[in-house]
Number of protein chains: 2
Amino acid sequence: MGRPRQAILSPEKIYRAALDLVDEFGDFTLPGLAKRLSVSPSSIYHHVQGRPEIINGIRSVIGADALASGDFFTAGADWRDRAAAWARSYRRALGQHAKCIPLLVGEAVTDHATLEIYEHLAALFVEQGFSANDVVVAVTVLDNFMLGSALDVAAPESAWLADAEAQPALHAAFADASLAGPRSDLSFEVGVAAIIAHLGTLVA
Amino acid sequence: MGRPRQAILSPEKIYRAALDLVDEFGDFTLPGLAKRLSVSPSSIYHHVQGRPEIINGIRSVIGADALASGDFFTAGADWRDRAAAWARSYRRALGQHAKCIPLLVGEAVTDHATLEIYEHLAALFVEQGFSANDVVVAVTVLDNFMLGSALDVAAPESAWLADAEAQPALHAAFADASLAGPRSDLSFEVGVAAIIAHLGTLVA
DNA sequence: ACCTGAACACCGTTCAAGT
DNA sequence: ACCTGAACACCGTTCAAGT
């Protein structure tokens, strides 16, 4: 066929198609991606280096969409509310692509969009007069909890397949619980409230 | 060669060898696993169903070792100390095999050892008089933070490759911080203290 | 029951060939 | 510059054949 007059592919198109595949099937393959893009597998290599770069691209697309939503710009409000909103927004963004998270964890963050998201959080603490040490710890604590909670979104409500005989306390708790909403969401709010209340003691 | 008088393999041996490979290289392949066990790839299928079962086996080995360490039996102490010890112990167990975590997340927990570990935590809250709802939330919150923090152990200290120009607050905080220990460990303790203090308000 | 070697479909990546 | 088809090494899994 040869070169088309107008390029069919772009890194962005490749990343978005890969994101779609992961959302749908929990993973992607280069041949599957090529098929989705109506292209030959080898064509993809004219735009990205390889599979790892595509995975990184998925992260950046999620981050860019989250930034574009404007959720991270809740200026004016109390810093506690803004920190909580940050965690809530990024967890929602990741949770919308919960099947991607296992693919993303364990890879270093280098894309601009994701770093920008964390810059928002760090700036918030700096503004509040946190020391460098406290900013690092505050960002880490909130990020760790946010990420652990986002991972939990992917897990089915019955991911805890406890046995009534072998794990009586665990089984009974889940069997008898009557939560007023999704377990993961409610727990997230409890944890965020706990963490932010504690961070407040650093600033006082 | 045919069947040996004494079986060379067992599920346990396969799981442990796979764990070793992941610790060393961050992943494992069936051919690589077979080589490590001085066996043919097809031999492995006489003992386990396939790769997913091996991944589940890795989790159960980590859980069994953690249970065997006795860290989860800190009876007598205050429930707050025991809950903190639980999170600390399991994070340490997972952190010792940090490269495994990306492989484990996103898979439902079904192995006995891991469920036993969560049973310890649930029983602790039940003992304390938590309602079923509160047990579920307390277990979820502590688990989510513990897992997020364990993932952070795998990340290099410089996983946040912030740019001085583009992300000034984030960059400056990490550049100027002088923490009295590993960022991940210190942050974990701060978060656990925050969460447990908050859980204490449920029981009061 | 348990190990082997051959075989299959599939995957990620490379590269020469085309426009 | 950008797409294609052929090719390569490799992977997970199956299966008939051996003891």
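Throughout, a chain's letter reflects where its sequence line sits, starting with A, and its residues are numbered from 1.
- In this structure, A/I8 places its CD1 atom 13 Å from C1' of D/dA1, rounding to the nearest Å.
- Residue A/F28 contributes atom CZ, which lies 13 Å from atom C1' of C/dT13 at whole-angstrom precision.
- The shortest non-hydrogen separation linking A/L104 to A/I55 is CD2-O, 3.7 Å.
- Rounded to whole angstrom, the span from the CZ atom of A/R5 across to the P atom of C/dT19 amounts to 15 Å.
- Checking each of A/R59, A/R92, A/R16 against A/D65 for a salt bridge (Lys or Arg N to Asp or Glu O under 4.0 Å) leaves exactly one that passes, namely A/R16.
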For nucleotides 5-10 of chain D, give me one character per nucleotide, 5' to 3': B if any protein heavy atom sits under 4.0 Å from the base, S if the only such contacts are to the sugar-phosphate, - if neither. B-----
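- Here the NE2 atom belonging to B/H120 is positioned 11.5 Å from the CG atom belonging to A/L170, to the nearest 0.5 angstrom.
- The CD1 atom of B/I14 sits 13 Å away from the P atom of D/dT13 (whole-angstrom rounding).
- In the set D/dC3, C/dC3, C/dT13, C/dT13 carries the atom at the smallest distance from any side-chain atom of A/P41.
- Counting only heavy atoms from C-beta on, B/H47 has its side chain closest to C/dC3 among D/dG12, C/dC3, C/dT13.
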B/F130 vs B/W79, ring-ring contact (aromatic ring centres under 6.0 Å, His included): CA-CA, chis, key distance, verdict: CA-CA 12 Å; B/F130 278 49; B/W79 73 270; 5.7 Å; yes
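- Checking side-chain atoms of A/N144 against main-chain N and O of B/F145 turns up no donor-acceptor pair under 3.5 Å.
- Checking D/dG12, C/dG12, C/dC2 against every side-chain atom of B/L30, the shortest atom distance belongs to D/dG12.
- Listed here is the closest heavy atom pair of A/V137 and B/S187: CA-OG, 3.7 Å.
- Minimum atom distance to the side chain of A/R3 is reached by C/dG18, of the listed C/dC3, D/dT4, C/dG18.
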In dot-bracket notation, what is the pairing pattern of DNA chain D, taking Watson-Crick (N1-N3 plus N6-O4 or O6-N4) and G-U wobble (N1-O2 and O6-N3) contacts under 3.5 Å, with [ ] crossing and | for other strands? ||.|||||...|||||.||
Can you list the steps and then say if B/L9 with B/H46 is a side chain to side chain contact (heavy atoms under 4.5 Å, CB included)? CA-CA 9 Å; B/L9 296 178; B/H46 290 273; over 6 Å; no
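- One can place NE2 of A/H46 at 11 Å from C1' of C/dA16, the figure rounded to the nearest angstrom.
- Rounded to an integer number of Å, the gap from B/L37 CG to C/dC3 C1' is 13 Å.
- In terms of position on DNA chain C, the residue among A/Q49 and B/V39 whose nearest nucleotide sits closer to the 5' end is B/V39.
- Separating the CD atom of B/E53 from the C1' atom of D/dT13 is a distance of 14 Å, rounded to the nearest angstrom.
- For the pair A/F188 and A/M146, the tightest heavy-atom approach, listed with the atom from each and the gap, is CE1-CA, 4.4 Å.
- In this structure, the CD1 atom of B/I44 is 15 Å from the P atom of C/dC2, given to the nearest Å.
- In terms of modelled atom types and a separation under 3.5 Å, the side chain of A/E119 and the main chain of B/A169 share a donor-acceptor contact.
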